[in-house]
Amino acid sequence: TSSTRPQRLLRAVQRKATKGDPQSVISAIDYFCRNSEWAMNVGDEKGPILDSVVCEVSPATALELGTYCGYSSVRIARLLPVGTKLITLEFHPDYACIARQVIQHAGLEDKIFLVEGASGDLIPKMADMFGISTFDFVFLDHWKDRYLPDLKLLEECQLLRKGSVLLADNVICPGTPDYLEYVRNSPRYESRYFQSHLEYTKVEDGLEKSVFLG
Ligand SMILES: O=c1[nH]cnc2c(O)c(F)c(-c3ccc(F)cc3)c(-c3ccc(F)cc3)c12
Ligand SMILES: [Mg+2]
């Protein structure tokens, strides 16, 4: 019976990465995507930009929209201070199942809460589910048409505080024009574009970092 790309990615991690070593999991996935099959992980060029923003914010509470196979969950959680957690939301059960195993291989299962479901349904439940009031950091990497509605939902649910940092993947490819227009023109955000490339390719893409001003 045939396997799926996420299953083949997981197998590469299980064969090549050292259990409990997040960096080796990241390297194994990047190697798989460069040498075997492209996959939509933030990757080894945009990844270091994500790392630098996470280190700068050093969030006590972090949210990721869109887990996929858990690559960026591992990238983020490996940098989080002790006692802090990443909540990551994934709509597709098959992706969530693979991500749990990738996260477990990295030894980060105690720092990451993976919740299956639609971001639009789950965001209003975050405060109650996890006993948090606001997010210090949000990584948007799920579906381009959900970036703006979910940002507005985060505002309405008062899950952002003065200084909360949002980082959005794929703002050029495939592109999120309505989200960009909003964060770049709203007086409530200070926004900056980090030019890069679509993971594992020479196509332009980038990350948009937006600070909520309250
Ligand atoms: O959907 C996504 N979520 C998160 N990150 C993504 C990402 O980092 C990507 F590089 C792509 C991408 C971009 C270009 C391309 F050719 C294929 C896939 C997608 C994506 C875009 C359109 C789709 F129909 C399916 C997937 C995503
Ligand atoms: Mg992406």
Side-chain angles (χ1 to χ4, degrees), residues 4-10 12-13 25-54 62-79 86-100 102-103 112 114-123 137-151 153-154 165-180 182-183 191-210:
T4 65
R5 181 169 307 184
Q7 284 171 328
R8 295 191 292 272
L9 181 151
L10 171 63
V13 167
V25 167
I26 292 164
S27 300
I29 294 172
D30 287 330
Y31 185 88
F32 173 81
C33 291
R34 284 197 175 281
N35 298 282
S36 302
E37 300 180 62
W38 187 92
M40 60 175 172
N41 315 118
V42 74
D44 53 11
E45 189 181 320
K46 289 184 288 181
I49 301 169
L50 168 63
D51 292 354
S52 65
V53 174
V54 171
L63 174 67
E64 174 181 63
L65 304 180
T67 317
Y68 188 46
C69 294
Y71 175 89
S72 46
S73 309
V74 168
R75 282 205 86 107
I76 294 165
R78 86 192 202 285
L79 301 173
L86 169 68
I87 297 164
T88 182
L89 311 184
E90 179 49 57
F91 179 73
H92 299 282
D94 298 349
Y95 294 168
C97 174
I98 296 296
R100 290 188 200 285
V102 167
I103 289 163
I112 299 169
L114 198 170
V115 187
E116 289 179 42
S119 52
D121 300 336
L122 291 171
I123 286 170
F137 176 76
V138 181
F139 182 48
L140 296 91
D141 191 27
H142 50 337
W143 181 244
K144 58 190 173 60
D145 298 341
R146 287 298 319 172
Y147 283 26
L148 185 53
D150 285 346
L151 175 58
L153 197 51
L154 286 164
V165 172
L166 299 130
L167 189 66
D169 190 26
N170 308 117
V171 296
I172 302 301
C173 182
T176 58
D178 59 343
Y179 175 86
L180 279 187
Y182 182 79
V183 292
S191 217
R192 177 188 163 190
Y193 175 61
F194 291 81
Q195 183 169 21
S196 186
H197 293 95
L198 181 69
E199 49 265 35
Y200 317 114
T201 77
K202 295 185 177 354
V203 174
E204 184 183 344
D205 190 22
L207 301 167
E208 187 81 2
K209 176 191 173 190
S210 307

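Note that the numbering runs from 1 along the sequence shown for the chain. All figures in this text were calculated on a predicted structure; none of them were measured in a lab. For ligands, and for the atoms within them, numbers begin at 1 and follow the listed sequence.
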### Query
Can you tell me if Asp30 and Tyr71 form a side-chain donor-acceptor pair at under 3.5 Å?
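There is such a pair between these side chains.
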
Please confirm whether the backbone N or O of [Y] pairs with a side-chain atom of [X], one donor and one acceptor, at under 3.5 Å?
{"X": "Tyr200", "Y": "Asn35", "result": "no"}
{"X": "Tyr95", "Y": "Thr67", "result": "no"}
{"X": "Trp143", "Y": "Gly66", "result": "no"}
{"X": "Arg78", "Y": "Arg75", "result": "yes"}

### Query
Hey, what do you get for CG (Leu151) to CZ (Arg146), rounding to the nearest 0.5 Å?
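With rounding to 0.5 Å, CG (Leu151) is 11.5 Å from CZ (Arg146).
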
### Charged N-O contact under 4.0 Å between Glu90 and Arg100
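Salt bridge between Glu90 and Arg100, a charged N being under 4.0 Å from a carboxylate O: no.
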
### Of the protein N/O/S atoms, how many lie under 2.8 Å from the Mg ion (ligand 2)
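N, O or S atoms of the protein closer than 2.8 Å: 3.
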
### Query
Heavy-atom count around Tyr182 OH within 6.0 Å, excluding the residue itself: above 12?
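Check passes, neighbour count above 12.
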
### Task
Would you please indicate if the ring centroids of Tyr68 and His92 are separated by under 6.0 Å?
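Ring centres of His92 and Tyr68 not closer than 6.0 Å.
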
### Query
When you look for protein heavy atoms under 4.0 Å from ligand 1, which residues do they belong to?
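Its neighbours under 4.0 Å (heavy atoms only) are Trp38, Met40, Asp141, His142, Trp143, Asp169, Asn170, Cys173, Pro174, Leu198, Glu199, given by chain and number.
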
